[in-house]
Each structure stands twice: as structure tokens, then as C-alpha cells.
Amino acid sequence: MKSNTTRKVAIVGYNRIPFARANTAYSNVGNKEMMIAALDGLIDKYNLKGKLLGEVAGGAVIKHTYDNNLIRECVMKTSLDPATPACDLQQACDTGIESAIYIANKIALGQIDSGIAGGVDSISDMPIAVSEKLRKILLEARQAKSLGGKIKTFLKLRPKDLSPLVPRNEESQTGLSMGGHTEITAKYYKISREEQDEFALKSHLNMAKAYDEGFFDDMITPFNGLEKDNNLRKDSTIEKLAKLKPAFDKVNGTLTAGNSTPLSDGASCILLASEEWAKEQQLPVLAYITFGEIAAIEYVKNQQNLLLAPVFAASKMLEKAELNLQDFDFYEIHEAFAAQTLTTLKIWESPELSAEIGLKKALGAIDRNKLNVKGSSLAAAHPFAATGGRIIGVMAKLLHEKGSGRGLISICAAGGQGVTMIIEK
């Protein structure tokens with residue numbers, strides 16, 4: 001993404017709504033309402049009303065069939081110039097950051113001067129499908145020429161055919177959930193329950209401190225009566241976390257509701273632009289996106305691998321950037337599970353584990369005091385497509401407040417995929 005013939009891509013704005021645990025504050029709203037709220041907050045904050053932007057990109061991992069043109073429909077409900085084009089993208093938990101890379105590449109190539117990237121997900125408004133047999137019978141009845149023909153078709157139905165189908169949080173090729181895979185990861189890489197609980201506690205304490213210090217005041221638009229992420233536990237302690245029962249492997253598991261992200265709802269977005277556009281709009285450049293890398297890993301035979309693709313993305317990206325893993329002021333590693341983040345760090349630190357998984361070399365240890373310094377997904381929660389925008393916004397603000405520096409972002413995703421990004425000031 002970075003070369004002598006491309007333009008610099010500036011991050012000039014960010015906004016999100018508070019994230020909510022599923023079936024709580026946002027139980028009566030869906031993807032469209034949440035995404036519009038996040039966009040409206042961004043538009044108000046950066047005086048974008050009536051502006052024609054180059055493009056808006058984003059998406060949702062879980063959405064209804066009538067949301068097939070979700071982002072464009074959301075744009076049309078905001079005060080942006082309705083001629084602003086939009087598109088839906090989806091790459092599981094990478095959706096938000098992949099949308100940012102999509103917009104950034106268009107800006108870098110001069111195709112557009114400004115754009116918004118974002119993501120939204122609602123577990124509370126999860127689509128429910130009919131059984132395959134019922135679907136086929138409905139289609140057959142639709143083609144029947146007479147009422148009698150329709151009735152005859154419907155008589156083929158049995159009570160079990162009327163049971164609804166709810167989307168399942170599992171990998172279709174293995175039948176295991178992310179948590180089920182990560183239990184295997186934790187056992188394979190010997191990540192203890194105590195390590196996971198300590199890591200989760202730090203996320204909550206860091207985020208609670210950031211809220212108290214006002215770090216999130218200009219980053220979040222209140223929505224539907226919620227002003228803060230309602231998964232955050234300011235009073236969390238090691239003792240409370242230790243009392244929680246295993247959530248996936250009930251007998252020998254170490255993953256719990258405390259050291260895993262909950263199913264949740266939320267939306268986020270970021271404003272990207274060329275330096276010239278930002279100057280014309282009198283908007284400060286918070287930071288620049290300079291590199292982005294996507295990778296995938298085999299996880300069906302090696303089921304411990306599901307969320308470990310970022311180790312490859314980071315390795316390839318750092319080689320292209322001619323940087324070491326230690327050359328960063330901040331690190332934002334998405335905390336899908338404490339065990340997954342701790343495994344990533346352990347592989348990077350170990351020459352043996354790096355060689356075993358297929359890396360050219362171990363990237364080495366990082367200063368953990370620079371990691372997720374404002375808390376991350378374990379505290380904020382993880383509405384799948386919305387996490388990328390949240391993390392990019394936090395990193396951009398950290399670098400802008402520091403006045404200079406470099407940050408590394410890493411996000412894992414379902415399907416054995418992962419994405420990394422470098423942001424610089």
C-alpha cells in the first residue's frame with residue numbers, strides 16, 4: 001500500500017456508539033439503526049453535513065437478507081450528500097479494518113480524496129431462517145397453479161420442519177465455535193487459566209482508567225440510553241474472575257465468560273482522507289495508515305490455529321516495512337480471547353514455536369506496557385465488524401496525543417484469517 005507513487009492516507013476522524021452485551025441496551029434496534037447513529041456522530045463532529053465523500057465502505061458479519069445494501073442504505077439516512085457511493089464488505093472480525101484498507105487504497109491511488117470505513121453487528125437482532133424443507137415447500141407452493149395444489153404441497157410439511165434455524169457461532173468445516181477452537185489453542189500452547197484471567201483483568205482496569213481520564217469523551221456518541229460500553233467491569237478482580245466456570249470445555253477448560261469476549265452489539269466508523277482534503281476541510285491529521293497485510297492459516301487439520309493468522313500477517317508486513325516488532329510505541333491486539341492474544345505473543349517470542357508454525361523467524365517480545373493501554377475487546381466487548389474501527393480510532397488518538405510515533409494493530413478472524421496494520425504520526 002505504500003510506495004513512491006502513492007499519496008499518504010490520513011486518519012482525520014473517528015466515532016462509535018457504546019458497545020453493548022447482546023440482548024441488553026440494543027435489544028430493540030438492529031444494524032441499520034446502530035450504523036446510522038455512528039455515522040451521524042461522525043458527521044456532526046467533523047462538519048460533514050451535505051458533503052460529497054468519495055465512498056463509504058463497511059459491513060456486518062451477521063445481517064438480514066433485506067440488509068443486502070446495508071451501508072448505502074445507512075448513508076442515505078444521514079445528512080451526507082446522497083450522491084456519496086457506498087459498498088458492503090465482509091471478512092468476519094476483520095471487516096472493519098479491511099474496510100479501512102479498501103478506502104485507504106483508493107485514497108492512496110488518487111481514486112478518491114475522502115471516505116469513511118466502518119462496521120456494525122447486532123447479535124440481539126440475529127436473523128432467523130426457516131428449515132431447508134420448509135423453504136423448498138414454500139417455493140413449490142408458490143409455483144402451484146391452484147389453491148388445491150398449494151394445499152397439497154403444504155400437506156407435505158411435518159412439525160419438525162417448522163422449527164426455525166438460528167445462525168450458529170461455529171466454523172462450518174469443523175463444527176467448533178471460536179471458543180472451542182481457542183480451548184484447543186490454550187491447551188496446545190500451555191496458556192494457563194491464571195494468565196488468561198490476569199490479562200482480562202488488565203483490559204478492564206485499563207479501560208476503566210481511560211474512561212475516568214476522559215479518553216473516550218470525544219470518541220463515542222451516546223445511543224439508545226447508553227453512554228459507555230456496558231461490558232466494562234470497573235470492579236473486576238482476580239478473585240471474581242477465578243470463580244467463573246469454564247464456558248466451552250466444562251470439565252478441563254480454562255476459557256470463561258470473564259476471559260472471553262461476549263456476544264455483543266455495536267457500530268464504529270473512521271474518516272480517512274488525503275492530506276490536501278483534510279487541509280481544505282480544516283481537519284487535523286491524527287495519524288497515517290502506512291501498511292496493511294492480510295493472511296490466512298490452515299485450521300481444519302490443525303484446529304489450534306483458527307485465530308493465529310495474524311502472526312503471519314505481522315511477519316509479512318514488518319518485512320515489507322523494514323521494521324522490527326519492537327519498533328512501535330503502541331500495540332493494539334484484538335482480544336477475542338485472552339488465550340488467543342497470549343498465544344500470539346508466545347509464538348512471536350519463541351524461536352521454536354515460530355519455526356513450528358512456519359514463520360521465517362521469531363519476531364521477539366514486545367514491551368507489554370505498550371499493549372492495549374486503554375483496554376481492548378475483553379473490556380469493551382466485540383461486535384464483530386465494529387471492532388476494527390474502534391481499534392483504529394484508539395490507535396490514531398494515542399499517536400495524535402503523543403505527537404509522534406508508530407503503532408501496530410493486529411486482528412484475528414473466523415475462517416483462519418487475520419489482518420495487521422501500521423499507523424504512524
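Please read these numbers as outputs of a predicted model, since none were measured by experiment.
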Gap separating the CD1 atom of I123 from the OG atom of S27, nearest 0.5 angstrom | 13.5 Å
So, Y46 and Q281: side-chain donor and acceptor under 3.5 Å apart, yes or no?
-> no
Between L255 and N259, is any pair of side-chain heavy atoms under 4.5 Å apart?
-> yes
So which heavy atom on S264 is nearest to which on A381, and how close?
-> OG-CB, 3.6 Å
Ring geometry between Y211 and F216 (parallel below 30°, tilted from 30 to 60°, perpendicular above 60°) = tilted
Steps toward salt bridge (Lys or Arg N to Asp or Glu O under 4.0 Å) verdict (K187, E183) = CA-CA 6 Å; K187 291 180 176 68; E183 276 286 10; 3.3 Å; yes
Working to the nearest 0.5 Å, report the span between CE of M35 and CD1 of I71.
-> 5.5 Å
Would K45 and N15 count as a side-chain hydrogen bond (donor to acceptor under 3.5 Å, both in side chains) if you check the C-alpha gap in whole Å, the side-chain angles of each, and the deciding distance to 0.1 Å?
-> CA-CA 8 Å; K45 193 182 302 182; N15 191 59; 3.1 Å; yes
Decide side chain to side chain contact (heavy atoms under 4.5 Å, CB included) for I191 and T254; before the verdict, give the C-alpha distance in whole Å, the side-chain angles of both, and the deciding distance to 0.1 Å.
-> CA-CA 9 Å; I191 307 297; T254 56; over 6 Å; no
State whether the side chain of E349 and the backbone N or O of A362 hold a donor-acceptor pair below 3.5 Å, judged by distance alone.
-> no
Please indicate whether E319 has more than 12 foreign heavy atoms, meaning atoms of other residues, nucleotides or ligands, lying under 6.0 Å from its CD.
-> no
Within a reach of under 6.0 Å around NZ of K234, are more than 12 heavy atoms found that belong to other residues, nucleotides or ligands?
-> yes
Drop me the distance from I116's CD1 to T78's OG1, to the nearest 0.5 angstrom.
-> 7.5 Å
Test: D329 and K425 ion pair at under 4.0 Å | no
Could you grab the distance from atom NZ of K106 to atom CG of D113, nearest 0.5 Å is fine?
-> 12.5 Å
Do we see a donor-acceptor contact under 3.5 Å between the side chains of R21 and N230?
-> no
So, for L378 and N231, which heavy atoms are closest and what is the spacing to 0.1 Å?
-> O-ND2, 3.0 Å
Could you list the residues that satisfy ring-ring contact (aromatic ring centres under 6.0 Å, His included) with H400, not counting sequence neighbours?
-> none
Taking it one step at a time, do L176 and E171 satisfy side chain to side chain contact (heavy atoms under 4.5 Å, CB included)?
-> CA-CA 6 Å; L176 293 173; E171 295 294 325; 5.7 Å; no
State, with a plain yes or no, whether a side-chain heavy atom of V75 is found less than 4.5 Å away from one of L53.
-> no
Is there a donor-acceptor contact under 3.5 Å from the side chain of H181 to the main chain of Q303?
-> yes
What do you reckon, is NZ of K77 surrounded by more than 12 foreign heavy atoms closer than 6.0 Å?
-> no
Quick one: are K370 and L398 in side-chain contact, heavy atoms under 4.5 Å?
-> no
Check I17 against A38 and note the closest heavy-atom contact, atom names and distance.
-> CG2-N, 4.0 Å
Would you call K63 and D88 a side-chain contact if the rule is heavy atoms closer than 4.5 Å?
-> yes
Note, W277 side chain near L283 side chain (heavy atom, < 4.5 Å) = yes
A37 to F223 - nearest heavy-atom pair and separation | CB-CD1, 3.5 Å
Does a side-chain N-to-carboxylate-O contact under 4.0 Å join R135 and E132?
-> yes
Hey, could you give me the CD/CZ distance between E424 and R406, rounded to the nearest 0.5 Å?
-> 4.5 Å
Taking atom CD of Q282 as the centre, report whether more than 12 heavy atoms of other residues, nucleotides or ligands fall under 6.0 Å from it.
-> no
Looking only at side chains, do N31 and H64 share a donor and an acceptor under 3.5 Å apart?
-> no
Does the T95 side chain pair with the main chain of A92, one donor and one acceptor, at a distance under 3.5 Å?
-> yes
Non-hydrogen side-chain atoms of R7 and I107 separated by less than 4.5 Å = yes
State plainly whether the residues K32 and D125 are in salt-bridge range, i.e. N to O under 4.0 Å.
-> no
Can L325 and Y331 be said to form a side chain to side chain contact (heavy atoms under 4.5 Å, CB included), step by step?
-> CA-CA 10 Å; L325 184 60; Y331 303 85; 4.1 Å; yes
Min side-chain heavy-atom separation P246-D249 under 4.5 Å | no
Should we say atom NZ of K51 is surrounded by more than 12 heavy atoms from elsewhere, each under 6.0 Å from it?
-> yes
Should we count CD of E227 as having more than 12 external heavy atoms under 6.0 Å?
-> no
Between D94 and I411, which heavy-atom pair has the shortest distance, and what is it?
-> OD1-O, 3.2 Å
Rounding to 0.5 Å, atoms CD1 (I103) and SG (C87) come to a distance of 6.5 Å
Salt bridge check: are K243 and E239 linked by an N-O gap of less than 4.0 Å?
-> no
Flag the pair R390 and E335 as a salt bridge only when some basic side-chain nitrogen lies within less than 4.0 angstrom of an acidic carboxylate oxygen.
-> no
When you look at K374 and N206, which way does the side chain to side chain contact (heavy atoms under 4.5 Å, CB included) test go after all the steps?
-> CA-CA 5 Å; K374 301 301 180 183; N206 282 352; 5.9 Å; no
Are the side chains of L308 and T344 in touch, meaning some heavy atoms are under 4.5 Å apart?
-> yes
Intermediate values then yes/no, side-chain hydrogen bond (donor to acceptor under 3.5 Å, both in side chains), Y188 and N302 = CA-CA 10 Å; Y188 188 92; N302 300 288; over 6 Å; no
Contact summary for S124 and T24, nearest pair of heavy atoms | OG-N, 4.4 Å
Residues, nucleotides or ligands: over 12 heavy atoms within 6.0 Å of D235 CG | yes
Backbone of A336 reached by a side-chain donor or acceptor of Q340 within 3.5 Å = yes
Residues that F19 engages under ring-ring contact (aromatic ring centres under 6.0 Å, His included), provided they are two or more places apart = none
When the ring planes of F248 and F337 are compared, do they come out parallel, tilted or perpendicular, using 30° and 60° as the limits?
-> perpendicular
